[in-house]
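Below is one structure, written out as C-alpha cells, with a few remarks after it.
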Amino acid sequence: MLRVYNTLSRIKEPFVPVQPTRPGEPAKVGIYLCGPTVYKPSHIGHMVGPVIFDAIKRYLAYSGYEVTLIVNITDVDDKLIAESQKRGLPMARLAAEMTADYMHNLQVLGIDAIDHFPRCTETMGEIIEFTQTLVAKGFAYESQGDVYFEVGKASGYGKLSHRGIEATQGDGGGMAERKRAGADFALWKAAKPGEPSWPSPWGAGRPGWHIECSAMSRKFLGETFDIHGGGLDLMFPHHENEIAQSEACHGKPMAKYWLHNGLMQASDEVGKVGGRSTRPHEGDLAAQEVGKISKSKGSAPFREMLAEFSGETIRFFILFTHYRRPIDYSQQRIREVETGMETFYRFFKRFERVNGASYYALNAPGRRAKGDAACSAAGSSPLLGAVAEHRARFLEAMDDDFNTGGGIGALFDLVRVLNKFVDDEKLEEPGRRTPEKLDALRNGAVMLRELANTLGLFRQPRAAEAGKESAQAGGSDELAGKLMKLLIDLRAASRKKKDFATADQIRNGLAELDIVLEDRPGGTEWSRKQR
RNA sequence: GGCGCCGUAGCCAAGUGGCUAAGGCAGCGGAUUGCAAAUCCGCCAUCGUGGGUCCGACUCCCACCGGCGCCUCCA
C-alpha cells in the first residue's frame, strides 16, 4: 500500500486517488508541479522537483495508475519584466530563451514523464475568467485596475502552512494602499507604461503570481486533483494562496495531497558549481558555510554543471536523498555518488560480457506484478529468491512516501547478489556458462532493470560507453581502437612469456593516459578512466 | 517573535517501540590475480544532551544544546 506524506495533514496517508476507479480501467491520477519562472538560466535547485516528480510519476505508472503530470512555465512576471528591461530584450524572447534552457536541462536529466508545460501567456483567457468568477462570487475586488483576492473572506486560510491571517502581512510589492487588507494578494495587476500587457475587464494588465497555477491545474486536471507538488519554499504564500483562490472559486478541495520537496543547499565555498573545488584542506568540511541555493547566492547555471557531471549522475545524486529532506550539495558529494554509480555501470558491462546481450536491451515489465507473482516465479532458483527479496525491499521503500534513497540501497544489494552469482558460478569463463545459469542471471537483471526504470535510472548506455563502443567497433575513434588492440596483444604475448616487466610497462603506461586495463578469463578489456 | 524541519559510523544517508540499526564514499583484513583492476567475503555506529512515559526507546513526550528553512513574487 502506497503512503504519502501530506503537508496538509502533516502525516503519511494512504494514497487513494480522487477519482473512483472504474472496473476494468486504470485509476487516473493528476499531478501538478509548480515550475519555473523563466527569467534566468536554471540552477540545480530548480531541477530537484522535476527529477523527483518524474520518478514519482514513473513509480505511480508502474504501480498501475494512469498519471498526468503538469508543470507550468511562468513566462509573465515582475522579475521577467525587470530582467528583460535590464537586458533590453523583449520579455517574450527572454522567456523563450530561458524556457529552452530549462527544457534542455530536463532532457539531459532524462525527465520525459511530464505531459504538458502550459505557459502563462497561453492561459490568459482561463486566468481572466477565473478572476472574474472570484470577483463575481465576492472573493475578489477591483482597485485602480488591480484585482485583489480578499483573504479575509476565504475560509480555512492558512491550513496548509498553519499560519494565521494576522501573521501574513506582505506588502504586496508596494501596493498596500490599494488593498483592503495587508494579506490580500493580487490576482491581476494593471500594467505600467511600457510593460507587457493583456486586455481584461479591468484594463490592460497581467496576472498575479498565484492565479496561473489555479487556472492551469483546473484546465488540465480538474477542480480537484490528486497531487500538488513544489518546493518547500512555495508552501507560503504561493500554495496557500492557490488553495484560497481555487477553493473559493470551486467550493471544493483543490488537491488531495500536497507534497513539498526539500531545498537544495550549497556551500558557497565547496559547492561552487562548474568550477574546481577551492577547498584549501582535506577534511575541512565542518568549516563550510552551508546555505540555501538561491538567486541571491548567485549560484551558477545548471548547464555549467553538465560540463562536470552527467545528467544521470545528478539525477542519481538527487534521488539518493529522500525528497522531503534538504540536499546538501557540493561537488565532492556528487563525486562520491558518481563513484558509487560505477558499481552499476561495471555490472552492466559484466552482464553483457557473460550474457552476450546488453542490459539496456532487456525488456522489463512496465507494470508491477500483482501479488506474489514475481516471488513465486523467483522461487525456482536461489539467485532469484535473493533478488526478489531485494526487489520487495525496494518496493516497500518506494511505497513509503517514495523513499528513493532506501530504494537505491536495495538496488546496490541487488547488484551485489548478481555479481556474487557470476563469481560463484564462474560465468566469466565461457566454458562454465549454461543456458539455465544465464537464464537466471538474465531474469535477475530484468528485475534490476524493472526497478531502476521506475527511478528513471540506467535507461540508456552512457555517452562514454557509447563512445568507446564506437572505438572498438570501428567508429569515429577507429584508430584508438586499433592501437589498443595492438597494445593488448603485445602485452598478452609478454605475459605468456612471463615477461611481466614489459606487460606492466604497457599497463602502467596506459594508466598514465587514464586508460585502465582489466584482465579477465575471456581476455583483456580496456576502458577510459572516468574523469 | 510566529510556523516548521533536522541532529544515526570519518563523511553522506535509509530505517525501526523489543529481532543482526539498510546502502554509498573513505579505511582495514581476506579470497581471487604473475602483480593489479574489477568482483566477492569479513571488520568499522548503542542513533546530539538531559529528563519522562513504557515491561522495554535510537524510535513516543518534554527541556536544552547545535544546524537549517519559511514568514520578502526563491523550485
Side-chain angles (χ1 to χ4, degrees), chain A residues 7 10 33-37 42-50 52 71 74 77-80 158 161-164 166-173 185-186 189 208-210 229-238 241 260-265 283 285-286 290-297 316-317 320-322 324-328 330 332-333 335-343 346-347 349-350 390 393 396-397 400 403-413 415-424 428 495 498-500 503-504 507-508 511 516-520 524-525 527:
Chain A
T7 308
R10 313 259 161 152
L33 172 67
C34 283
T37 299
S42 33
H43 61 250
I44 184 171
H46 294 121
M47 297 297 129
V48 175
I52 287 159
V71 175
T74 301
D77 168 89
D78 291 0
K79 293 193 302 276
L80 213 30
S161 57
H162 294 200
R163 260 170 247 258
E166 61 284 353
T168 65
Q169 295 293 331
D171 73 354
F185 57 89
K189 296 177 171 186
W209 179 28
H210 318 293
L232 201 56
D233 52 345
L234 293 183
M235 190 170 89
F236 185 90
H238 184 54
N241 291 351
H260 288 98
N261 61 270
L263 304 177
M264 178 90 57
Q265 313 199 336
L285 290 173
V290 175
K292 180 184 166 187
I293 293 184
S294 68
K295 307 292 187 284
S296 60
K297 294 247 176 189
F316 193 89
F317 171 71
F320 202 80
T321 303
H322 183 92
R324 273 193 284 119
R325 300 198 61 186
I327 305 178
D328 211 9
S330 77
Q332 189 195 329
R333 297 279 136 71
R335 288 244 158 72
E336 283 170 9
V337 306
E338 188 177 48
T339 303
M341 286 174 82
E342 291 296 328
T343 299
R346 279 193 221 98
F347 171 74
K349 282 158 73 175
R350 191 179 204 193
H390 292 124
R393 271 180 52 220
E396 199 181 319
D400 184 10
N403 182 356
T404 54
I408 287 175
L411 256 29
F412 272 104
D413 284 335
V415 170
R416 178 179 304 112
V417 164
L418 259 20
N419 267 325
K420 187 169 166 53
F421 182 73
V422 175
D423 278 3
D424 289 350
E428 292 271 11
R495 290 178 71 208
K498 306 272 186 218
D499 177 10
F500 296 120
D504 289 347
R507 190 172 62 197
N508 294 337
V516 182
L517 292 190
E518 301 180 14
D519 298 328
R520 305 186 184 289
T524 297
E525 289 228 341
S527 61

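Residue numbers begin at 1 in each chain, while the letters A, B, ... track the order of the sequences.
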Just to be sure I understand the rule, does A/Leu517 reach a base, reach only the sugar-phosphate, or reach nothing, if contact means heavy atoms closer than 4.0 Å? base

Under 3.5 Å on both distances, the Watson-Crick or G-U partner of B/U20: none

Write down the partner of B/C28 under the Watson-Crick or G-U wobble criteria, each distance required to be under 3.5 Å. B/G42

Mind checking who B/C5 pairs with, Watson-Crick or G-U wobble, both distances under 3.5 Å? B/G67

Closest-nucleotide 5' rank along RNA chain B - winner of A/Asp424 and A/Val48: A/Asp424

A/Lys420 side chain N/O closer than 4.0 Å to the phosphate oxygens (OP1, OP2) of B/U39? no

Output yes when at least one side-chain N/O atom of A/Arg325 is less than 4.0 Å from OP1 or OP2 of B/A14, else no. yes

For A/His322, which contact category applies under a 4.0 Å heavy-atom criterion: base, sugar-phosphate, or nothing? sugar-phosphate

For A/Gly405, which contact category applies under a 4.0 Å heavy-atom criterion: base, sugar-phosphate, or nothing? base

Which part of the nucleic acid does A/Phe320 contact within heavy-atom distance under 4.0 Å: base, sugar-phosphate only, or nothing? base

Quick one: label A/Phe412 by what it contacts on the DNA or RNA (base, sugar-phosphate, nothing), any heavy atom closer than 4.0 Å. sugar-phosphate

Give one of base, sugar-phosphate or nothing for A/Asn403, where a contact means two heavy atoms less than 4.0 Å apart. sugar-phosphate

Measuring from A/Leu263:CG to A/Arg325:CZ, what's the distance to the nearest 0.5 Å? 13.5 Å

Once you apply a heavy-atom cut-off of 4.0 Å, does A/Arg350 come out as touching a base, just sugar-phosphate, or nothing? sugar-phosphate

Name the nucleic acid region contacted by A/Asp77, choosing base, sugar-phosphate or nothing; use a 4.0 angstrom heavy-atom cut-off, strictly under. base

Using a 4.0 Å heavy-atom cut-off across all strands, classify A/Arg10 as base, sugar-phosphate, or nothing. sugar-phosphate

Sugar-phosphate only, base, or nothing, as touched by A/Gly229 at under 4.0 Å among non-hydrogen atoms: nothing

For A/Asp519, which contact category applies under a 4.0 Å heavy-atom criterion: base, sugar-phosphate, or nothing? base

Assign each of A/Gly340 and A/Val415 to its nearest nucleotide of RNA chain B by heavy atoms, then name whichever residue's nucleotide is nearer the 5' end. A/Gly340

Once you apply a heavy-atom cut-off of 4.0 Å, does A/Asn419 come out as touching a base, just sugar-phosphate, or nothing? sugar-phosphate

Side-chain N or O of A/Arg346 versus OP1/OP2 of B/U39: is the shortest distance under 4.0 Å? yes

Under a 3.5 Å cut-off for both distances, is B/C58 Watson-Crick or wobble paired, and to whom? none

Under a 4.0 Å N-O cut-off, is there an ion pair linking A/Arg416 with A/Asp413? yes

